[in-house]
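Every chain is numbered from 1, with letters handed out A, B, ... down the list of sequences.
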Amino acid sequence: MSRPLLDARIVVDRGTFRLDVPLRVAPGEVVALLGPNGAGKTTALRALAGLHPLTAGHVTLDGTDLDRPAARAWVPTERRSIGVVFQDYLLFPHLSALDNVAFGPRRHGVDRRAARATARDWLDRVGLGGHAQRRPRQLSGGQAQRVALARALAVAPALLLLDEPLAALDARTRLDTRAELHRHLAAHAGAAVLVTHDPLDALALADRLVIVEGGQVVQEGDGPSVTARPRTDYVARLVGLNLYRGRADGHEVRVAPDLTLAVADRLQGEAFVAFRPASVALHPARPQGSPRNTWAGTVAGVQRHGDNVRVQLDGPIGVAADVTPAAAAQLRLIPGQRVWVALKATETHAYPATG
Amino acid sequence: MSRALDTVVPRRRGRVPAALLVPAALGLLFLVLPLAGLVLRAPWTTLPQRLTEPGALTALRLSVQTATLATVFCLVLGVPLAWLLARVEFPGRRLVRALVTVPLVLPPVVGGVALLLVFGRRGLLGGWLDATFGVTLPFTTAGVVLAESFVAMPFLVIAVEGALRAADHRYEEAAATLGAGRWTTFTHVTLPLVAPGLAAGAVLCWARALGEFGATITFAGNYPGRTQTMPLAVYLALETDLESAIVLSLVLLVVSVGILVALRDRWMTSG
């Protein structure tokens, strides 16, 4: 990675909760903080913006300490080179779209005419040149989101912060807006940090994902590596995989005291095993004579999942299996029903738990 | 909203119990009858002359002037006070809030006495003001403004503080992220956001100042042209010329109703 534009270690104590997230973002890079609600993502974003002071650690932007409690360094929000897109946009209701976007440049010492010209330019860039005089309440959700983006970018911030920028939009608008947001993020020369709980948004918009759970970074990497090799149940659920941790010895991983899975990869020591629910087959009786992992399980729940039926099974390991509705009917899958679970070694993906 | 509720009214429409209806009607009558009396007994034929009598006009002008000045005074000091109470955590904030509301419940005469003790010629500050600047407040028009402000300021502070609390303070955070300092944020974001509450508070404050009697007569006396406002003129006229008192009262009534009409969008829409 080239010299990071943003170099931060965000440590915030809130009662018994401790957030501790190291974060380095290169110029032009978009990093997504992805995690469940309550993971501390928004607090991290607020700390970067100076809306919440750090307990320890540091926020350094372009070589300048914005916040470093140990050195008593503190730059207030209004003097940081940042732009923030808030979850519900927070467009000033008493100002037109144009004046909302011109607000930042005006505060940065640009005279009214020039600020309005900049604002008009940005509204054109987000495709809202014709809506300059509209008040925020006269804008649709997607339009308001674009005005909020234009407002944040109009001050040419070194660091762009986006808090769930698409969460308030309906599904259809979300798709269009996501594509447009991607275009603007790609064009942004500074660093960008995006907070979201939606893996699709993160994968579509970010160059790198930082997964935060319970205030800690649990996994980090680009989209393909995170989706292929989840390291926590949360990430596995996000990308729709079954995930187990166990001890590997050659082509075998012991994932439960009484269950060892045969896997295609060869490795030693602590390991993860991941496989897709669609790779799991269910049988009324023990399948014979095939190189499969088999074990007995109990149906815990059944629900529709797309065109298929997702079956949650208890047993030595809890597992999700996707079967066709026809198969589900044939197996008479009801909670409490005992079935045999089969999984080909070639359908699994095993990788070291360390590093 | 109310229209949607109207469609389900038949369920609620039963006979109103007489035990509630009778006192309710009496209560309404009690509130409206005196006002009706004022209107009925008004000397309508001589009204134009009486209204244009120099005494009445002088009192009216003085009332409007002092109430307006008092409102400006309250805005200048009361809005920052409301901001402090709504936005800044400091020890004893609850106590300060309670103190601010004291003039609301204090008998205005007591307020007038208290003002005399502080700003009177031999008062805590009055003596110093007199000696240093040659400024005397009691029994002057400035004293009227002071007395009215003392009584009316809580109305403004409470209205504005409520509006500030109701306003989403994250707009102020958004302004900060765009480079606005606290003062710019206050003038460019906070004030416009609470403008309706501010206007309502100012109107209430003005109305209270206009009707002020007790503190004014105690602190500023009753000198025509200098400290005799409308309520004082009404009181004085009552002893000499009843019809005059009625006419002056009618003017104050019209002003009050006017204010209610002006504020109807804010406080009379819940029906």
Side-chain angles (χ1 to χ4, degrees), chain A residues 42 45-52 66 75-96 99-110 112 115 118-119 122 135-136 144 147-163 193, chain B residues 1-4 75 78-80 82-84 86-91 93 156 159-203 262-263 265-267 269:
Chain A
T42 296
L45 202 76
R46 290 176 60 81
L48 291 174
L51 297 171
H52 202 295
L66 299 182
V75 175
T77 301
E78 63 267 24
R79 296 218 306 273
R80 299 185 178 196
S81 179
I82 55 169
V84 184
V85 177
F86 292 90
Q87 181 169 356
D88 41 4
Y89 319 134
L90 297 176
L91 296 176
F92 303 127
H94 59 286
L95 297 180
S96 66
D99 285 336
N100 261 284
V101 180
F103 189 91
R106 283 288 287 143
R107 303 288 87 74
H108 286 73
V110 177
R112 189 183 300 264
T118 307
W122 271 105
R135 291 294 168 100
V147 173
L149 181 68
R151 185 175 73 169
L153 287 171
V155 294
L159 175 62
L160 180 65
L161 303 167
L162 305 107
D163 187 7
V193 177
Chain B
M1 208 49 203
S2 61
R3 199 147 299 161
L75 280 170
V79 172
W83 181 84
L84 202 70
R87 284 287 191 272
V88 183
E89 290 277 351
F90 59 91
R93 182 161 75 162
L156 181 91
V160 176
E161 195 206 339
L164 281 170
R165 285 185 177 282
D168 193 339
H169 76 275
R170 292 177 313 143
Y171 284 110
E172 294 166 11
E173 293 184 346
T177 68
L178 291 165
R182 273 202 144 175
W183 174 249
T184 317
T185 301
F186 178 72
T187 55
H188 284 64
V189 175
T190 313
L191 278 186
L193 280 177
V194 300
L198 191 70
V203 170
L263 289 178
D265 288 336
R266 291 192 61 76
W267 287 321
T269 47

Visitor: Once rounded to the nearest 0.5 Å, what's the spacing between atom NE2 of B/H169 and atom CG of A/L90?
Guide: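 B/H169 atom NE2 to A/L90 atom CG measures 10.0 Å (nearest 0.5 Å).
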Visitor: Can A/L51 and B/R170 be said to form a side chain to side chain contact (heavy atoms under 4.5 Å, CB included), step by step?
Guide: CA-CA 10 Å; A/L51 297 171; B/R170 292 177 313 143; over 6 Å; no
Visitor: Between B/A180, B/P192, B/A175, which shows the greatest number of heavy-atom pairs under 4.5 Å with chain A?
Guide: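 When all of B/A180, B/P192, B/A175 are compared, B/A180 has the most.
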Visitor: Between B/G179 and A/H108, which heavy-atom pair has the shortest distance, and what is it?
Guide: CA-CE1, 3.9 Å
Visitor: Is it true that atom CZ of B/R93 has more than 12 heavy atoms of other residues, nucleotides or ligands lying nearer than 6.0 Å?
Guide: yes
Visitor: Among residues at least two apart in sequence or on other chains, which ones pass side chain to side chain contact (heavy atoms under 4.5 Å, CB included) with B/A167?
Guide: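 By the side chain to side chain contact (heavy atoms under 4.5 Å, CB included) rule, B/A167 matches B/R87, B/V194.
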Visitor: Can a donor-acceptor pair be found, under 3.5 Å and without considering hydrogens, that links the side chain of A/H94 to the backbone of B/A195?
Guide: no
Visitor: Side chain, backbone, both or neither: which part of A/R151 has a heavy atom under 4.5 Å from chain B?
Guide: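 The answer is both parts of A/R151.
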Visitor: With a cut-off of 6.0 Å (strictly less than), are more than 12 heavy atoms of other residues, nucleotides or ligands near CZ of B/R182?
Guide: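 For B/R182, atom CZ is not crowded (no more than 12 foreign heavy atoms under 6.0 Å).
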Visitor: To check you understand the geometry: which heavy-atom pair defines the closest contact between B/L178 and A/R107, and what is its length?
Guide: O-CB, 3.6 Å
Visitor: With rounding to the nearest 0.5 Å, note down the distance linking OG1 in B/T177 to CZ in A/F103.
Guide: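 B/T177 atom OG1 to A/F103 atom CZ measures 9.0 Å (nearest 0.5 Å).
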Visitor: Which heavy atom in A/L91 sits nearest to a heavy atom in B/Y171, and how many Å separate them?
Guide: O-CE2, 3.1 Å
Visitor: Checking side chain to side chain contact (heavy atoms under 4.5 Å, CB included) for the pair A/T77/B/E173: CA distance, chi angles, key distance, verdict?
Guide: CA-CA 8 Å; A/T77 301; B/E173 293 184 346; over 6 Å; no
